[in-house]
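Take a look at the structure below.
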Amino acid sequence: MTAPAKKRVAVLISGRGSNMMALVDAANAPDFPAEIVLVLSNKADAAGLDFARAQGIATAVIEHKAFGKDRAAFDAAMQAALEAHGVEFVCLAGFMRLLTPGFCEHWAGRMINIHPALLPSFKGLDTHARALEAGVKVHGCTTHFVTPGMDEGPIILQAAVPVLDDDNEATLAARVLKEEHRIYPETLRLLAAGRLKIDGQRVKTA
Ligand code: GRF
């Protein structure tokens with residue numbers, strides 16, 4: 001019996017791209033249900049692009065600056081690139097642009113993100129510094145479906161890490177990042193295998 005076709009996935013990045021690398025590494029396994037067919041960046045100097053090129057993965061650079069304030073035109077350009085590569089699922093991985101409601105609706109249930117905090121705590125930026133400042137004892141990361149509201153979509157997986165007395169932003173970020181690299185590929189595996197069911201704000205795994 002032939003294995004089902006792997007789902008075609010694009011990863012959107014803006015910088016370092018370590019989560020994208022974790023997704024690519026996982027997808028290299030023969031039994032992984034998805035393949036990364038495109039790495040798209042809104043910044044030409046995103047470090048992750050070199051890794052993708054070295055892996056022989058198609059890359060695209062669509063610089064948001066070229067579109068000024070016109071978010072819809074930027075999203076339309078991204079949509080065209082995604083369609084050109086036959087993309088079925090989108091993973092945001094450190095992608096630092098807000099997406100239009102129209103784009104989010106088009107990809108509803110097919111676009112996921114990783115956030116470096118235990119949502120709904122610490123939405124937005126500088127999550128590790130804010131966690132330290134708030135004095136929480138447990139911190140972590142979350143994968144979720146993307147909806148128009150920032151960091152608000154249905155939660156898929158979470159991983160918790162302790163906050164230690166001698167932590168600073170860098171040590172805490174490193175502990176969380178290790179978990180990000182574990183739960184993001186796992187999330188994509190479940191999504192591409194059709195094992196996630198959205199029920200209101202809850203995501204159930206079959
Ligand atoms: C990660 O911490 C991710 O959770 C957040 O942005 C960071 C991106 O890091 N959304 P990288 O580019 O994946 O290394």
Side-chain angles (χ1 to χ4, degrees), residues 9-28 34 36-55 57 59-64 78 89-99 103-104 107 111-134 136 138-163 167-191 203:
V9 173
V11 185
L12 274 48
I13 65 169
S14 296
R16 178 176 63 178
S18 71
N19 277 291
M20 175 271 293
M21 294 175 200
L23 293 171
V24 168
D25 285 347
N28 279 336
I36 312 304
V37 298
L38 177 67
V39 172
L40 188 158
S41 174
N42 65 314
K43 291 189 170 179
D45 61 356
L49 286 170
D50 291 334
F51 171 88
R53 289 185 193 112
Q55 292 271 322
I57 297 169
T59 59
V61 174
I62 301 176
E63 292 192 283
H64 63 273
M78 287 206 299
F89 293 100
V90 175
C91 296
L92 307 183
F95 186 67
M96 303 299 285
R97 299 301 300 166
L98 287 176
L99 299 165
F103 187 87
C104 292
W107 290 98
M111 178 159 64
I112 57 178
N113 181 41
I114 182 135
H115 182 73
L118 291 173
L119 290 173
S121 292
F122 307 118
K123 294 175 182 172
L125 299 174
D126 300 323
T127 55
H128 308 309
R130 286 160 57 212
L132 288 169
E133 200 180 301
V136 295
V138 177
H139 185 43
C141 52
T142 302
T143 57
H144 63 94
F145 284 103
V146 177
T147 57
M150 190 182 62
D151 302 327
E152 282 180 358
I155 291 170
I156 305 169
L157 295 179
Q158 293 187 302
V161 302
V163 179
D167 266 334
N168 56 42
E169 213 179 319
T171 58
L172 184 56
R175 194 174 306 122
V176 171
L177 192 62
K178 204 167 156 220
E179 293 303 309
E180 294 184 36
H181 296 165
R182 187 176 64 76
I183 69 167
Y184 210 5
E186 177 61 10
T187 301
L188 178 58
R189 194 175 68 77
L190 293 168
L191 177 67
V203 178

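Nothing fancy with the numbering, it's 1 onward along the sequence. Counting starts at 1 for both ligands and their atoms, following the listed order.
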Under 3.5 Å, which donor-acceptor pairs do the side chains of residues 15-24 form with other protein atoms, sequence neighbours left out?
{"residue": "Ser18", "atom": "OG", "partner": "His181", "partner atom": "NE2", "Å": "2.8"}
{"residue": "Asn19", "atom": "ND2", "partner": "Glu180", "partner atom": "OE1", "Å": "2.9"}

For [X], counting its heavy atoms only, list the atoms of ligand 1 lying under 4.0 Å from any of them.
| X | result |
| --- | --- |
| Asn19 | 1 (C), 3 (C), 11 (P), 13 (O), 14 (O) |
| Glu180 | 1 (C), 2 (O), 3 (C), 4 (O) |
| Gly94 | 6 (O), 8 (C), 10 (N) |

- Within-cut-off N or O pair, Ser18 and ligand 1, under 3.5 Å: yes
- Test of proximity, Gly17 against ligand 1: N or O pairs below 3.5 Å: yes
- Message: Ignoring hydrogens, what is the shortest heavy-atom contact between Val138 and Ala160? Give both atom names and the distance.
- Response: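 Shortest heavy-atom separation between Val138 and Ala160 comes out as CG1-CB, 3.6 Å.
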- Give a yes/no verdict on whether any heavy atom in Ile114 is under 4.0 Å from an atom of ligand 1. yes
- Message: Checking the side chain of Thr142 only, and the main-chain atoms of Leu119 only, is there a donor and an acceptor separated by less than 3.5 Å?
- Response: yes
- Query: For the side chain of Thr127 and the backbone of Pro116, is there at least one donor-acceptor N/O pair under 3.5 Å apart?
  - Reply: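 At least one qualifying donor-acceptor pair exists.
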- Query: Can the ring centroids of His128 and His139 be said to lie less than 6.0 angstrom from one another?
  - Reply: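 Yes, they do, as the ring centres are separated by less than 6.0 Å.
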- Pairs satisfying salt bridge (Lys or Arg N to Asp or Glu O under 4.0 Å), at least one member in residues 112-134, at least two apart: Lys123-Glu152
- atom 9 (O) of ligand 1 has as its nearest protein heavy atom Arg16 NH2, 3.1 Å
- Query: What protein heavy atom sits nearest atom 5 (C) of ligand 1, and how far off is it?
  - Reply: Pro116 CD, 3.8 Å
